[in-house]
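Report on one structure; see the data block that follows.
Computed from a predicted model, the values in this text were never measured in an experiment.
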Amino acid sequence: MINIQDIRDTARDLLAKGEVRAVIGWRAGSRGMPAEPVVITAPEQADELVWDPTCYHNLALHLVEDRKFLAHARKTAGAPIGIIAKGCDARAIVVLMQENYFKREDVYIIGVSCEGSGMIAEWKVARQLDGAVPTAAAFAGDEFAFATAAGEKRLPAREVMADRCLECRNPFPKEHNVALGEDKTGRALEAPFAALARFETRSEGERWEFWQRQFDRCIRCFACRSVCPMCYCEECVVDSINIAVAPETTAEEKANRIRWIERSAVKSENITYHMTRAIHLAGRCVDCGECERVCPVNIPLRLLNNKMEREARERFGYEPGASIGGPSLVASFRDDDPGAFIR
Amino acid sequence: MTKKRTGVFVCHCGTNIAATVDVSRLAKEMAGEETVAFSRDYVYMCSDPGQNSVIEAIKENNLDSVVVTCCSPNLHEKTFRDNAARAGISGFTCEIANIREQCSWVHKNRDEATAKAIKISRSAVRRVARNQSLEPIAVPVTRRVMVIGGGIAGIQASLDIANAGLEVVLVEKLATIGGHMLQLSETFPTLDCSQCILSPKMVEVSRHPKITLMTYSEVQEVSGAVGNFRVKILQKPTYVDPEACKLCDECTVVCPVVVPNEHDLGLTSRRAIHIPFAQAIPASYTLDEDSCLGLNPIRCGKCKDVCEAGAINYDMLPKTVVEDVGAIVVATGFDLYPQEKILEYGAGNVEDVLDGLQFERLCSASGATKGHVLRPSDQKEPKDVVFIQCVGSRDPAQHCAYCSKICCMYTAKHARLYKHHVPDGRAYVFYIDIRSGGKGYEEFVQRAMEEDETVYLRGRVSKLYRKDGKVRVLGTDTLTGENVEIDADMVVLALAMQPSKGTEEAAKVLKIGRDKDGFLAEAHPKLKPVESVTGGIYLAGCAQGPKDIPETVSQASAAAAKVIGLLSSDTLNHAPTVARVRRSHCTGCEMCVTACPYKAIRLENGKAVVNEVLCEGCGSCSATCLRAAIEVKNVTQLQVFDMIEACLTV
Amino acid sequence: MSMEKILDKARLNDWIAALAKGGDWEVHAPALEDGVWTYKPVGDAVRMDHPNTKQPPKGFSFPQREVFFSFEQIKGEAPRLTQVMPDPKRRAVFGVRPCDGRGAVRMDRVFADNVNDPYYQARRKNVAYVGLACNTPPAATCFCKSVGGSPVSTDGLDILLTDLGDRYHVAAVTETGKAMMAVAGSPLADAAAADRKQVKQVHGEAVAQPQRAVNNPEAAPAKLKASFNSPLWEELARACIGCGICTFLCPTCHCFDLNDEMTGTVPIKGNRVRTWDNCQFPDFTMHSSGHNPRENTAARLRQRVCHKFQYFHENFGMLQCTGCGRCVSECPVGIDIVAVVNKVAEHVA
Amino acid sequence: MSHNPPDNIYLPKLARIAHIKEEVAGERSIKTFRLEFVNGDGFDHQCGQCAMLSIFGRGESMISIASSPLIKEYKQFSIMRVGRVTSAFHDLSVGDTVGIRGPYGNSFPVDDWRGKNLIFIGGGCGLAPIWPVITTAVAQRANFKNITVFYGGRSPRDIMYRAELEKLRSSADVHLSVDKSEEGWNEFCGFVPSNVMDKAPPPDNAIAITCGPPIMIKFVLQNLQNLGFKDEQIYTTIENKMKCGIGKCGRCNVGKDYVCVKGPVYSWAQLKNLPQEY
Amino acid sequence: MSEQQPYEPKIVAFLCKWCSSAGSDLAGVSRIQYPANATPITVPCSGSMSPMYILSAFNKGADGVLVSGCHIGDCHYMEGNFLARRKLHLVKELLQFIGVEENRFRMSWVSAAEGAKYAQVVKDFVEDLRPLGSQEKLKAQRT
Ligand SMILES: Cc1cc2nc3c(=O)[nH]c(=O)nc-3n(C[C@H](O)[C@H](O)[C@H](O)COP(=O)(O)OP(=O)(O)OC[C@H]3O[C@@H](n4cnc5c(N)ncnc54)[C@H](O)[C@@H]3O)c2cc1C
Ligand SMILES: Cc1cc2nc3c(=O)[nH]c(=O)nc-3n(C[C@H](O)[C@H](O)[C@H](O)COP(=O)(O)OP(=O)(O)OC[C@H]3O[C@@H](n4cnc5c(N)ncnc54)[C@H](O)[C@@H]3O)c2cc1C
Ligand code: SF4
Ligand code: SF4
Ligand code: SF4
Ligand code: SF4
Ligand code: SF4
Ligand code: SF4
């Protein structure tokens, strides 16, 4: 099990030596739990860092935010930035590097293995604890330990872990500068794509019934997109309102923005948005599950992305986040890609 | 971009369009479009008065863009774009709405056809509303040409082009140029000796200062585009230095390996080291590494020992040569349809049943029998010879749907040649009908019937099999309705022509389309018969479709003329409808770079940059870019978006 | 305007049925769908054991999308506009928590300020809120008391229900509420003195439940005003991803966008549509020139917090935040308005 | 249209384009549109107010009314082509019909300025919002003392209202400037604030009204203060992005003020007490 | 169109310029009759088909979307149809996944020589779409 002091020491050390200009990590949230992302810039802040089963945020997003932040402040990066990364965070970082969003040497990855465990799903915890509100969560082997008003409560990890973590194929951050914790790649708490497989047993009519209900609820807050490290575009194609403003953006370009969909949160527009996003994430989504977690109206967005991921894997032998150098899924092909659907 | 003033010109095409589409309604509907400032219909837009009216309308109404609703853009896009240019506006602000091929000709219901024509036209109007005025991009060209295939087509094209002063690289797969024509004995309709007319041309090729001949070579990879292709050629080792080889033939004498001779279609044999035939160009021996015992002095090495000139070199390696050329002529020829596939005639397993080329070799003075027609099984002179036409051709159910075009003629020739060799023999020809269009062709066939007393039987041979040392041929004479049974000494099948294996390979490497029969597809069946669909790549000879020598030569010369025209100046106009990067949206993810088939995109300072000369405007980049940060000019995503809208507006 | 009744829980459905029948009310109540509490038209069984709904009921008067008018223009002619007014259906919303009732009060102020918003008013006058007092322990994110509210507040509600175990205490707040109770008929029984006593006690206990709190809320407007140029904002907003969940789910956020949606191009046809918009989106205030008065997450977080705790107070004399805690519990990165206000107050002189 | 309930502030009235003039060409071109209300609909406005103009299917834009309130027959707008709606405007022709609602915002207290010297300082597109004040003041010339106009553009081609400015010279002091000089330009070369410093108008009994790009305003302010102008003597307008125009959509606020209601006209004395969010 | 007439599906047919558009021309030259339901949009190459086009066509009310390009190996731009095959496979899977009828999206390879095939593809598509009725799932709700 990872000792939090190791993470703090590593971060402190890097900052003290000036090897990184900041470290992106987690600290305790204002209510104790869940943890929240933090960017620390001074060695003494290292003691704020935490590592617990509520560190679910994909910190790769904050690398993107950092780049945007620098661009906005018209600053150049200078020293690399440090980041604490779980398996999925590290995969996301790989995709971002594959897409040249930043260079390998710009990032110092402090990998943390989820080992045999993972992140909790808050709703599962709430269900199990019957209303008791925990103020902290900690890894405890095969269990999680929760601090509640009534004292510590332990729950088996498998019962309260997020689905994405149960199905996780590689809980170890392969790409890293330093890695903490044991590599338990291949552990299978649940079969990969298990939820997807269950869903796919439904008929066409049932699938539509399901999805239309889900999409109908979407309020188009775009949190799913905001939280996604891969949705780093200056202007999302489905945004009919955003304006990518760079010195080069001409009046012409602004006048000719395509309105693929409208801003109205109605079913058709919501669906088009989500289909677009699923397609755009094919071969890029690393299944960190953040979109699904943040959706305020509980739309099971992971299913969509999982579907694309499994297609990529099974039909095209493609694994997102596997290599920095390889070609992107939709920019490449193999001679024997399936074509039986074509008449 | 300010709002367009578009003119819409609706063509009746006589009644071709007007009979099915309500043209005046179409013109009126288009007038209701936001950007349309002028709209009219006319009986023949492409006629002189029609074209002039377009030009006048542009000038008078101050139009800046044009939509012509007429036939396929393949036919008149250029016409009307030129007109637009003549009227002083960019040709690229002119678009064609195809309401003939895609509408009036394929629908009968007037309401439906009119509704569809409106949608098609509206979508063109919407597209044009956002077309940019573009001017062609001038690209410097490489004034060299590659000809692939050294049959008569390739030879003719090479000579014509070289004589016009352009450098030619002629690539031939085999060890000698000449192609199938080299295998023919005499040629219809004049019965002059094939080699006699071909050999001088071959020699001319080998001596021509502007022609680089690369035999035993294959094209491996082609990149670039019209005006500037880069071709990688693999030169297989012949293991014989052509400069040193004295043609003394000592080596073949000692070579222990005997294999069938392809040049004689297996009627004779050759050694592992051999010369394809005596007058081969280049005049040199070739060691066929597949049949050689091992290219190794320890295993054999006899030829190397005996060669006094020291021309043999077992260590010769394949060579990759890169050539830059501005245009390519593909003349990779034909193969005969394999006899093995003709199950009804014994699938090649019945003795004394030959194909046409084998018969040519039998008749040829340089052939297996030194010009005596002797049947292979017993080397006796055959007295009853049956010729069967249309074997594999015109048989969509089992074989090729098309007519191979030359078989009627060469069968008549074969019958005559046979009669000239065996005056007391009897020649029978089974035919479906006789196609002898061509100068002197019909007369030639008549002579075969009358002078040479060939028996022409109209009908199909249903079966043939070996019986009592003869080949029993069962057929029907459909004119008399009687069954015919002939015990033949020899049967000659006029097998269909099919695109050669090399044609298939070349099409793959060059990425040029093939038609449903596998022959190379021309850009237009009537108006662009020697152009391939890819700019700068031209077609000649049987690779494009069955034809005889005169036609092959004409097409080769036509292709040569096209090439000469193309390369007549130092620059070439490249279509300006190329990709453009919206820098503010590009994140430098490199997906477009990976997707572009032409390697036309690179990253510079984290943004994609398009090399406009290499870009062909395919749009793969645009479809791949998640952010639509790269788009093809005049086919932008917004334009397609508008067109979709138009297609769904009722 | 006091009118108090007692309703046997088992007869809640009867009352609802009577409302639908006798008063043409379309009744909505929270229902659990795919793990989300959402207001839904009432089906067979109404359960009112919900914590607060994910989305506040603000959509009843201010939907995510509404058409203002449609337009049609034939080439060369003048456009024709047709006003589209909302369906005059009356809607009774059951189970509204007091914080959301107070949200409605704040929305009402905005849409009546300066000039009336005809669309909001048209909807609002047909919506009645039947509140439900919060007498279970508050959620970890609730802080209504510190922003002037209470778990039993009646502000903005037409009726307040209080759960008394197997019965509801039903108290009318407005005339509409009274009328709604009047259609109920027999299910509503008169409240006895014991009931009144019990309600009082329940309310007292509810109010006494400990909650998180904005410290010294009276000082918040002034503290925030003083904080405008504080570098603290940058630090507080560093993790914000600008998703806008906090405002879309807030019962008092009212920002919107106006857009033309096309329905046809021959002739040009479409609707002018209002949709929710969000001050946390980067383009919200961005000019076409690229100039953006609130150009980073810090400025946008500051806008949200100051709007709730300063500007609104300056304009209307009340805090805009009602302490529902949605923005706290739903923020993907844990930005906590209570912590933000407290931190700012602490650090600003 | 006549059946519009008068209280629907979102429903535009219709107006016909009576005249279009191209002011400035180029990437950010400016055109001036003269709009006449149709169907007898209409409204009066005051100097400094603006209106929401609609092109149906494209959207709405807030534009300052650039004509004097004294002119009742039409309203004039000068629109710079910067995006979706403004580009659509530039595509229109005389006779086309657009939507208009308003007037919005407060106005310049022109009546309070009687008997004073007026100094107008504009840059680029910023001449439009103060143009109604200039023209009104000139029309009521006797009410005011000296009228001075400073105006500058990037180059001579970027000077809007060129002809009108020339005509103005008969009743006001007009000082034009360009950032970069070109042949034939014989007035001031340099930025507008420098021109103001150069001519140094005295602050006594004067009101300075300025409008232009934020950076220009910043330096104009500094310079005016250096010349001794008091905060109450300086007026400007601010333009924050607006959608509703009636203080509800939530984006134009500067602190507690919705600019579309409390603005766009502010004296520097007022503005300096507001947070800097414009 | 009167009530009695059979339901006519609206199809947007994206045809690549080189093969399928030419193929449809050939159908015309050969006067092969086929239903008028499909309105063609010529795109440079099937590889230029952004998935957005398909989603957009459905959003705008298409009952069916057809994408047709050159046969594998015959792409005028060499590799465009390979890219299209992969990309549109994903689109197709996704459409099916959310429960849109499989038959609403179709892809075919039609060469310049296959006029008859083009006609057949359209005929079949129309027949397959007819029983599905009009497409409401993805169509924009704009009232
Ligand atoms: C039995 C028979 C009798 C005939 N008699 C007559 C006649 O009497 N009169 C007449 O006019 N016509 C006759 N013809 C037709 C005549 O043979 C053809 O018209 C002519 O040979 C076509 O020439 P070509 O150059 O197109 O093809 P080919 O002769 O097939 O030449 C193609 C050449 O290209 C080479 N090649 C193929 N692929 C590649 C590659 N990938 N790279 C490099 N090189 C390649 C081949 O090796 C070959 O040398 C006869 C045909 C047959 C079958
Ligand atoms: C009080 C006021 C007065 C103005 N007066 C003029 C004037 O006289 N002449 C002139 O050319 N421009 C003026 N503007 C600016 C003008 O409103 C914008 O340039 C215009 O709205 C841009 O719209 P667009 O659709 O072309 O640009 P896009 O970039 O396509 O617009 C996107 C949306 O953003 C909004 N928007 C973008 N920038 C602004 C902005 N600066 N102000 C308000 N809304 C914006 C619009 O609502 C538009 O719907 C004024 C703005 C304000 C607030
Ligand atoms: S899916 Fe959820 S997170 Fe995404 S926009 Fe819709 S409501 Fe927001
Ligand atoms: S959905 Fe696509 S375009 Fe939009 S932000 Fe994500 S990747 Fe970019
Ligand atoms: S795919 Fe798009 S974003 Fe990526 S490099 Fe190319 S143009 Fe830029
Ligand atoms: S359009 Fe794009 S992908 Fe196609 S050739 Fe040009 S740059 Fe390459
Ligand atoms: S504060 Fe939280 S909920 Fe609000 S925009 Fe920022 S990240 Fe999203
Ligand atoms: S600011 Fe947050 S806590 Fe306050 S009312 Fe809005 S959502 Fe609720």
Does D/Y266 have more than 12 heavy atoms from other residues, nucleotides or ligands lying within 6.0 Å of its OH?
yes
How about D/R84 and A/R259: do any of their side-chain heavy atoms sit closer than 4.5 Å?
yes
A/A255 and D/R58 have their tightest heavy-atom pair at O-NH2, 3.2 Å
How long is the straight-line distance from CZ of D/R28 back to OG1 of A/T250, given to the nearest 0.5 Å?
8.5 Å
Tell me, out of D/G83, D/A88, D/G59, who's got the most heavy-atom pairs with chain A below 4.5 Å.
D/G83
If you count the non-hydrogen atoms of other residues, nucleotides and ligands that lie under 6.0 Å from CD in D/Q276, is the total more than 12?
no
Answer yes or no: is there a side-chain heavy-atom contact under 4.5 Å between A/E252 and D/E27?
no
Using a 6.0 Å cut-off, check whether atom CZ of D/R154 has over 12 heavy atoms from anything other than its own residue.
no
